[in-house]
Amino acid sequence: MPIILRTTWPLLLGMGILMLGAGLQGTLVGVRATLEGYPTPVIGAIMSCYYLGYLIGTLCAPRMLHRIGHIRVFAALAAIAAVTILIQGEFVHPLSWAAMRLLTGWCFSGIYVVAESWLNDRACCETRGRLMAVYMAVLYIGLGSAQFLLLLSNPRSSTPFALVAALISLAVVPIALSAQHMPTFVTRRPVCFRELYRNSPLGLVAVAVSGMISAIQFAMGPVYARLTGQGVGGVALFMSISFMAAVVTQYPIGRLSDRIDRRTVIAGVCTVATIVAVTLALCHRLPPGLYFALQALFSGAVLTLYSLAVSHVNDKLEPEQMVSASSALLLLNGAAAAVGPMLVGRLMSAFGPSVYFVALAVLTG
């Protein structure tokens, strides 16, 4: 495992910096949209545009990797993503935001294909769970820390948008300076959903469910917190607890999945998440300490689902299938994620913000 980390640290560092920008961007857009008075369904539609772009990006990324390589794809997509957030800061309108969110999703999906195909190239069945857990922990550290960057400037100004663009640009530096550590590109062998499902039905279903859950948490979590009366600091705390809880649980659960059947671990985390989500949905007057503890337990369990599912699927693949499989899994994850914010946005508009945890409980169940 230490040897693997020595060859993947540039990617992990770059992704951590990138997630600082991505985490601030997601919360910033949700908070600014509520401050502008956009209806909840409109906010949900804007946030879902990210995942529509994500779907398109997963189809383009394998071909781009094959033609120009990991480093150039990462750098080019990060540059475009930085520009899109600057445009959002200058042109505040639902249509322009929807278009830029779509382009941002296209960029980030390609970056994720770069990252995950690189990691799976370096891992084996005995280390994949732990390596993916470290990767996800780095992502959540970045996403969680980013929430407090929202406190540094007024969400109504263009300053936080410029900060997001700067962070996304900085993420390229460790990748660009570490070309010798990039994986050798092997001959790409296409893999279809039918083949992936035949190899790992539970893994494929879990990838889809985790996409919906994470999209709802990241896109509609700030909206839920805002609509329940929390200020900017409360929104930052609400979101950071979710991310940081996932950081704590990633490695222990990933290591456990390397030692016992990953299917058993997936079933366990879903069971815990369902029980906690039902409790949060039914109990509206919990003490703040208990409320945040349960929220942390829910996120700590459910946000390990993606790395567990991807590890389970990749255990059964050949090296030449890794890039195509990463693209296919991200496509499935993004397709499910595109539905989540729009669905929950409409449910929250019709039944109030409390339906947020009801929807999450249904999905984990």
Side-chain angles (χ1 to χ4, degrees), residues 23 26-27 30-31 33-34 39-41 43-44 47 136 140 143-144 147-148 150-151 206 208-250 252-253 264-306 308 336-337 339-365:
T27 303
V31 170
T34 60
T40 306
I43 299 174
M47 299 309 242
M136 295 304 296
Y140 289 134
L143 291 169
Q147 307 310 308
F148 294 101
L150 191 64
L151 305 177
V209 172
S210 70
M212 289 192 71
I213 292 171
S214 61
I216 291 168
Q217 285 191 282
F218 301 160
M220 300 308 293
V223 178
Y224 165 79
R226 186 70 184 170
L227 293 178
T228 53
Q230 301 182 50
V232 174
V235 173
L237 178 62
F238 179 84
M239 294 302 295
S240 64
I241 284 175
S242 298
F243 296 129
M244 292 307 183
V247 172
V248 173
T249 57
Q250 286 294 331
I253 292 178
T264 302
V265 181
I266 290 171
V269 298
C270 286
T271 300
V272 170
T274 302
I275 293 171
V276 175
V278 168
T279 303
L280 289 168
L282 296 179
C283 303
H284 304 294
R285 297 183 179 276
L286 294 171
L290 179 58
Y291 172 79
F292 285 122
L294 288 174
Q295 183 202 345
L297 181 58
F298 173 80
S299 296
V302 80
L303 292 181
T304 64
L305 185 57
Y306 179 75
L308 292 171
V339 177
M342 287 192 292
L343 175 62
V344 172
R346 291 193 175 277
L347 289 173
M348 289 171 68
S349 179
F351 302 104
S354 61
V355 79
Y356 173 80
F357 277 112
V358 174
L360 291 173
V362 170
L363 286 171
T364 54

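For reference, positions follow the sequence shown, starting with 1. Hydrogens, waters and symmetry mates are skipped; everything else that's a heavy atom, side chains included, is used.
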Novice: Do you know which two heavy atoms are closest between S242 and Q295, and how far apart they sit?
Specialist: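 Heavy atoms of S242 and Q295 come nearest at OG-NE2, 2.8 Å.
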Novice: Side-chain contact test, heavy atoms from C-beta onward, threshold under 4.5 Å: evaluate it for T27 versus F238 and give yes or no.
Specialist: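 No, too far: nothing below the 4.5 Å cut-off.
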Novice: Nearest heavy-atom pair of V269 and I266: which atoms, and what distance?
Specialist: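 For V269 and I266, the tightest heavy-atom pair comes out as CG2-O, 3.3 Å.
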Novice: Grab the two heavy atoms, one from A336 and one from M212, that are nearest each other, plus how far apart they are.
Specialist: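 Where A336 meets M212 most closely, the heavy atoms are O-CG, 3.0 Å.
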Novice: Heavy atoms only: give me the nearest G345-M220 pair and the separation to one decimal.
Specialist: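 Between these two residues, the closest heavy atoms are CA-CE, 3.8 Å.
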Novice: Decide yes or no for L363 and V302: does some side-chain heavy atom of the first lie under 4.5 Å from some side-chain heavy atom of the second?
Specialist: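 Not touching, per the 4.5 Å side-chain cut-off.
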Novice: Please name all residues satisfying ring pair (Phe, Tyr, Trp, His ring centres under 6.0 Å) with Y291, sequence neighbours left out, ordered by chain then number.
Specialist: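 Checked Y291 against ring pair (Phe, Tyr, Trp, His ring centres under 6.0 Å); zero matches.
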Novice: Between Y356 and Y224, what is the ring plane arrangement, given parallel below 30°, perpendicular above 60°, and tilted in between?
Specialist: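 Ring orientation of Y356 relative to Y224: parallel.
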Novice: Is there a donor-acceptor contact under 3.5 Å from the side chain of S299 to the main chain of A296?
Specialist: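 Side chain of S299 to backbone of A296: no pair is present.
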Novice: For residues M348 and L227, report the shortest heavy-atom separation together with the two atoms involved.
Specialist: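 Reported closest heavy-atom pair: CE-CD1, 4.0 Å.
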Novice: When you compare the side chain of Q217 with that of L360, does any pair of heavy atoms fall below 4.5 Å?
Specialist: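 Of all side-chain heavy-atom pairs linking Q217 with L360, at least one is under 4.5 Å.
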Novice: List the atom pairs, donor and acceptor, that lie under 3.5 Å between side-chain atoms in residues 271-281 and the rest of the protein, sequence neighbours left out.
Specialist:
unit_1	atom_1	unit_2	atom_2	d
T271	OG1	A267	O	2.8
T274	OG1	C270	O	2.7
T274	OG1	T364	O	3.2
T274	OG1	T364	OG1	3.1
T274	OG1	G365	N	3.1
T279	OG1	I275	O	2.9

